[in-house]
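Accompanying notes for the structure given below.
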Amino acid sequence: MLYSNWSLNHFTAYTRNPQLRRTALFILGLSRGLSFTAHNVFDKSPQSHVTAFVQGNRLNKIPTKFELCTILNSCAKTQNFRLGSQIHAQILDIGFDQNLYINSSLVNMYAKCGAIVDAMKVFNGMEFHDQVSWTSIISGLSQNGQGKEAISLFKKMLRTQIIPNCFTYVSVISSCTKQESVSKCSELLHAHVIKLGHESNKFVISSLIDNYSKCGKMDKVVMLFEACIIKDSILLNSMISAYSHNLLGEEALKLFIKMHKENVSVSEHSLTSILDACGALTVLQQGKQIHALVTKTGSNQNTFIIGALINMYSKCGNIDEASHVFDQTVHKNNILWTSMMSAYAQSGRGLDALKIFDHLVMEKEIDFTPDHVCFTVVLTACNHSGLLEKGVDYFEKMRSYNLAPEIDQYACLIDLYARKGDLESARKVFDEMPFEGNAVMWSCFLSCCKEYGNVELGREAAYKLFELEPCSPVPYLILADICGAAGLWNEVGNIRKMMRENGVRKCVVGWSWVEVDNEVHVFSVGDLSHVRSDDIYLELEKLSLEMMSECSKQYNILISES
DNA sequence: CTAGGGTTAG
């Protein structure tokens with residue numbers, strides 16, 4: 001028998017399933033020597049490679065290893081798992097199963113089709129590895145949301161003789177970005193990159209910019225960006241989303257205008273990021289102009305863009321326009337339903353958000369399966385409307401959808417209890433959940449302890465935060481507040497002393513100012529949520545995009561060292 | 001002689 005165990009596993013799996021029996025027979029047919037000729041494969045689209053392959057099969061020609069590589073590549077691009085695995089069977093039959101090029105293509109093909117287990121099997125079955133095969137599996141894991149595994153394989157690679165190249169670093173850096181807890185990796189990997197001389201590779205820079213921006217290290221982001229000589233559209237998009245992500249919408253808009261002026265092609269990625277920035281700045285006028293641009297470029301059915309439009313309109317206080325955009329969407333999917341619920345929750349209409357959710361899960365005809373993000377939105381909606389019991393119910397409901405609560409949903413649960421004043425139950429969740437509480441969670445909890453004057457729990461939360469955020473004065477100040485309110489003046493004195501001893505400065509929130517028409521407007525950088533649009537952005541809203549770029553020289557934004 | 005891996009968006 002020519003088949004290895006591996007292909008037999010596949011084959012039997014197919015024959016057991018009546019719907020896949022035809023595929024099974026096809027595999028058998030291929031393995032008996034059917035083949036293909038690829039006509040003019042080099043100037044055709046992946047889909048026409050696939051067609052050529054299937055046609056060529058009928059001509060009984062045995063494909064060369066080069067042709068097999070090309071066709072596997074096309075299967076990867078078109079996510080054609082069926083054909084890809086059939087070709088795999090043929091490869092085993094012909095005996096190319098230890099060819100490095102073919103195996104790397106196989107790993108890539110399976111990974112791109114989401115069959116990461118099969119990709120791992122191929123990878124583990126390889127006798128020798130090189131840079132490409134390592135990178136294929138690392139990027140495959142990263143793209144399939146298994147950042148942790150990608151990083152651990154990277155570490156394994158470092159212990160071999162094979163030195164990672166710039167392709168590998170791009171994948172590893174983006175895995176780190178997706179894994180929240182490993183923000184410390186940024187500098188380390190950056191150092192690797194410099195040492196190996198990849199610091200001017202545009203892919204590496206884009207992924208590093210993304211990584212630093214997600215960790216809030218904007219100084220590094222700007223440094224990298226400014227060192228770039230050629231700024232292509234992806235780099236600019238990474239930069240725009242970095243600015244948006246770090247509440248620097250102003251900078252994001254400026255860059256977008258510059259990009260538009262210099263005729264750098266505006267992609268759907270750029271539009272999504274810039275809509276985010278408009279939402280964060282609550283500049284409705286600019287948001288509307290981007291909406292016009294979306295319509296003009298025909299991107300008005302792209303899920304990411306629609307989601308961003310809904311978000312932008314709701315942040316700008318225009319919930320009706322948000323729901324109008326949603327209504328005009330032809331294919332409403334999970335992401336968009338969730339965006340719409342989130343829009344209602346953000347606009348203080350939590351009950352409307354819950355109404356949508358209840359409707360969706362009731363209606364059997366609508367294709368909707370709630371995921372983690374969706375439950376976060378539902379729980380947030382409960383929180384904003386003060387619905388403790390309902391929130392706890394929804395939390396319990398997650399399990400009926402086979403969803404194990406993640407840290408975000410636990411954070412919502414803690415918030416629900418704490419805001420209602422049930423601090424003991426909230427505290428219990430910290431112990432019961434399978435995660436370590438992070439700074440955001442403890443900060444929320446601490447604020448609630450202050451609200452309800454609970455010294456004991458407040459003290460515990462503050463001490464946790466001293467460890468988690470050693471530079472932040474906020475927990476010191478809140479704890480001092482709690483103790484002051486309880487008349488514990490000795491402890492207040494001690495807290496002040498601790499602050500001095502630990503070198504924590506009282507003022508860390510930066511201040512910025514914007515100058516428009518000779519008037520100076522001042523606002524805090526850290527948190528813009530309390531800034532009312534009519535206070536500061538009134539003047540900005542009057543400006544059109546074109547005018548903004550003309551005026552940009554006047555907007556000297558400075559962050560003072562307080 | 002020909003072949004394989006990478007970045008940005010909820």
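Per chain, numbering begins at 1; letters A, B, ... match sequence-line order.
- Nearest nucleotide to the A:Phe203 side chain, out of B:dA3, B:dG6, B:dT8: B:dG6.
- Comparing atom distances between the A:Asn73 side chain and each of B:dG5, B:dA9, B:dG6 picks out B:dG5 as nearest.
- Between the NZ atom of A:Lys315 and the P atom of B:dG10 there is a distance of 10 Å, rounded to whole Å.
- Looking at the side chain of A:Ser139, the nearest of the listed nucleotides B:dA3, B:dG4, B:dG6 is B:dG6.
- The number of heavy-atom neighbours closer than 6.0 Å to CD1 of A:Ile163, taken from other residues, nucleotides and ligands shown, is 12 or below.
- With hydrogens and angles left out, the side chain of A:Asn165 and the base of B:dG5 share a donor-acceptor pair within 3.5 Å.
- Rounded to an integer number of Å, the gap from CG of A:Leu235 to C1' of B:dA9 is 16 Å.
- Between A:Glu321 and A:Lys288 there is no salt bridge, since no side-chain nitrogen of the basic residue lies less than 4.0 Å from a carboxylate oxygen of the acidic one.
- One can place CD1 of A:Ile102 at 13 Å from P of B:dA3, the figure rounded to the nearest angstrom.
- The phosphate of B:dG5 has neither OP1 nor OP2 within less than 4.0 Å of any side-chain N or O from A:Gln143.
- The side chain of A:Lys112 places an N or O atom within less than 4.0 Å of a non-bridging phosphate oxygen (OP1 or OP2) of B:dG6.
- Taking side-chain N and O atoms only, A:Asn108 has no distance below 4.0 Å to OP1 or OP2 of B:dG4.
- In this entry the distance linking CH2 of A:Trp134 with P of B:dG6 reads 17 Å, nearest Å.
- Looking at A:Ser206, its side chain comes within 3.5 Å of the base of B:dT7 through a donor and an acceptor atom.
- Comparing B:dG6, B:dA3, B:dG4 by their nearest atom to the side chain of A:Lys65 picks out B:dA3.
- Checking B:dT7, B:dT8, B:dG10 against the side-chain heavy atoms of A:Val170 singles out B:dT7 as nearest.
- Contact annotation for A:Leu236: no contact, since no heavy-atom pair falls under 4.0 Å across all strands.
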Apply side chain to side chain contact (heavy atoms under 4.5 Å, CB included) to the pair A:Phe304 and A:Leu271, showing each step before the final yes or no. CA-CA 9 Å; A:Phe304 284 106; A:Leu271 292 168; over 6 Å; no

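- The side chain of A:Leu100 has B:dG4 as its nearest neighbour among B:dG10, B:dA9, B:dG4.
- Counting non-hydrogen atoms under 4.0 angstrom, A:Ser105 reaches the backbone sugars and phosphates but no base.
- When the P atom of B:dG6 is taken as reference, atom CD1 of A:Ile137 falls 12 Å away, rounded to whole Å.
- Between the side chain of A:Thr135 and the base of B:dG5, at least one donor-acceptor pair of N or O atoms lies under 3.5 Å.
- When the C1' atom of B:dG6 is taken as reference, atom CG of A:Leu141 falls 15 Å away, rounded to whole Å.
- Contact annotation for A:Ser133: base contact, defined as any heavy-atom pair under 4.0 Å involving a base atom.
- The base of B:dG5 lies outside donor-acceptor range of the side chain of A:Ser136, with no N or O pair under 3.5 Å.
- In this model, a side-chain donor or acceptor of A:Asn201 finds a partner on the base of B:dG6 within 3.5 Å.
- Here the P atom of nucleotide B:dA3 and the CG atom of A:Leu68 are 14 Å apart, to the nearest Å.
- Side-chain contact, A:Thr168 with A:Asn165: a donor N or O sits under 3.5 Å from an acceptor N or O.
- If you check B:dG4, B:dT8, B:dG5 against the side chain of A:Thr168, the one that comes closest is B:dG5.
- Going from atom CG of A:Asp210 over to atom P of B:dT7 covers 11 Å, rounded to whole Å.
- Every residue was checked against the ring pair (Phe, Tyr, Trp, His ring centres under 6.0 Å) condition with A:His269, not counting sequence neighbours, and none meets it.
- Relative to the side chain of A:Asn237, the nucleotides B:dT8, B:dT2, B:dG10 differ in distance, and B:dT8 lies closest.
- The base of B:dG4 is paired with the side chain of A:Asp130 by a donor and an acceptor separated by under 3.5 Å.
- The side chain of A:Asn99 lies closest to B:dA3, out of B:dG5, B:dT8, B:dA3.
- In this structure, A:Tyr101 forms no aromatic stack with the base of B:dG4, since the conditions of centre separation below 5.5 Å and plane angle below 30° are not both met.
- Using modelled atom types, one finds no donor on one side chain facing an acceptor on the other under 3.5 Å when comparing A:Thr295 with A:Asn300.
- The nucleotide whose nearest atom lies closest to any side-chain atom of A:Phe66 is, among B:dG4, B:dT2, B:dA9, B:dT2.
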Go through the steps for A:Trp337 and A:Phe357 under the test ring-ring contact (aromatic ring centres under 6.0 Å, His included), then give the verdict. CA-CA 8 Å; A:Trp337 284 111; A:Phe357 182 84; over 10 Å; no

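- Within the 4.0 angstrom heavy-atom criterion, base atoms lie near A:Gln131.
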